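The block underneath contains the structure these notes are about, expressed in structure tokens.
It should be emphasised that the depicted structure is a prediction, and the values quoted were computed from it without experimental measurement. Order of listing sets the numbers, starting from 1, for every ligand and every atom in it. Values reported hereafter were calculated over all heavy atoms of this structure, with side chains retained and with hydrogens, waters and symmetry mates removed.
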Amino acid sequence: MAKQSPSCFPSSDVVFLDRGNGTSVLVHLHGATILSWKCHGQEVLFLSEKAVFDNKKAIRGGIPVVFPNFGPWDLGPQHGFARTKRWKLEVPPRKDSSGNVVAEFILEDNEATRAVWDFRFRLVYTVQVMDKTLTLNVTVNNVDSKDFDFTCLLHTYFRIPDISKTAVIGLQNTKYVDKVKDGEKATETREEIRIDENYDRVYMDTPSEIVVGKVADGSHSIIMQTFDFPDTVVWNPWADKAKGMSDFGDDEYINMVCVEAGCVTNRVQLNAGQKFECSQKLTFVPATQ
Ligand code: BG6
């Protein structure tokens, strides 16, 4: 079983946002990685059975936070360092008058981050669990006296019953870069994207609403809405690549798809003292059959 309940971890490592009625979110302080989002008892996120929890390696699954760089990076690790740093719980989970639960996490520069990327920053990550909606807000504060630029992304792994019965809808007519084909550019023609091979595309200037998993197999789907995340990455490593990943099961590609909201095509320029905010809202749509 993937480790998606608080009892699998030392209590000092995880934060549990419990809205009641089978709706909850579990966050690991390593990377502020969301490990689980249960909506009315249904797990929405994929977490690999082989995910490593050594507080060093990035956690394979859930929603890792990618900052200050998406993809390979000359200065440091792929996808930056935010997903492999210990975040601080700034505001512990608390319920508002509607029963929604909110918590706030922060990551600030330290000697180790400045050794890689010499800037002072403060990331604020707000996680809000509503009845059928999970809202994630990222605020990047430049607290330095010099300007910097970055890319960032929420690397959401969706749990799906079967990739062959899953569609990603909403990207028709958008341009994309195909990372599997050496960065070849093309325009998406399909209304429903079906995946049946190693798939790694950066869709650019995407609509602010995308549906994941809406197929007639009786399972739920998710509506993903994004705010100031202009790009959407769609990724599934498929069988051969899966075999080469030590923290991912050989057959797990069948049960996951990553649909990642990001600012990745153009680096965000952030002047000294300024802040930048982006967010995604995921809404659970129960099965209709
Ligand atoms: C995706 C990238 O966002 O993340 C892929 O587009 C990459 O190229 C994938 O393979 C997983 O990256 P990582 O570093 O978590 O293995």
CA sep, side-chain torsions, deciding dist, call: His79, Phe70, ring-ring contact (aromatic ring centres under 6.0 Å, His included): CA-CA 4 Å; His79 289 344; Phe70 168 73; 5.1 Å; yes
Heavy-atom check, side chain of Lys3 versus side chain of Phe9, under 4.5 Å: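 With C-beta onward as the side chain, the pair touches.
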Within the protein, flag every N or O under 3.5 Å from an N or O of ligand 1, and note the pair and distance.
residue  : atom   : partner : partner atom : Å
ligand 1 : 3 (O)  : His155  : NE2          : 3.0
ligand 1 : 3 (O)  : Glu260  : OE1          : 2.6
ligand 1 : 3 (O)  : Glu260  : OE2          : 3.3
ligand 1 : 4 (O)  : His79   : NE2          : 3.1
ligand 1 : 4 (O)  : His155  : NE2          : 2.8
ligand 1 : 6 (O)  : Lys179  : NZ           : 3.1
ligand 1 : 6 (O)  : Asp200  : OD1          : 2.6
ligand 1 : 8 (O)  : Lys179  : NZ           : 3.3
ligand 1 : 8 (O)  : Asp200  : OD2          : 2.5
ligand 1 : 12 (O) : Gln78   : NE2          : 3.3
ligand 1 : 12 (O) : His79   : NE2          : 3.4
ligand 1 : 14 (O) : Gln78   : NE2          : 3.0
ligand 1 : 14 (O) : Arg83   : NH2          : 2.9
ligand 1 : 15 (O) : Arg60   : NH1          : 3.0
ligand 1 : 15 (O) : Arg83   : NH1          : 2.9
ligand 1 : 16 (O) : Arg60   : NH1          : 3.3
ligand 1 : 16 (O) : Arg60   : NH2          : 3.0

Aromatic plane relationship, Phe276 with Phe150 - under 30° parallel, 30 to 60° tilted, over 60° perpendicular: perpendicular
Polar side chain donor-acceptor pair, Tyr203 to Glu188, under 3.5 angstrom: yes
Ring centres under 6.0 angstrom apart (Tyr253, Trp238): yes
Audit row: Glu90, Arg122, salt bridge (charged side-chain N to carboxylate O under 4.0 Å, His left out) steps and yes/no: CA-CA 12 Å; Glu90 180 74 351; Arg122 179 183 163 92; 3.6 Å; yes
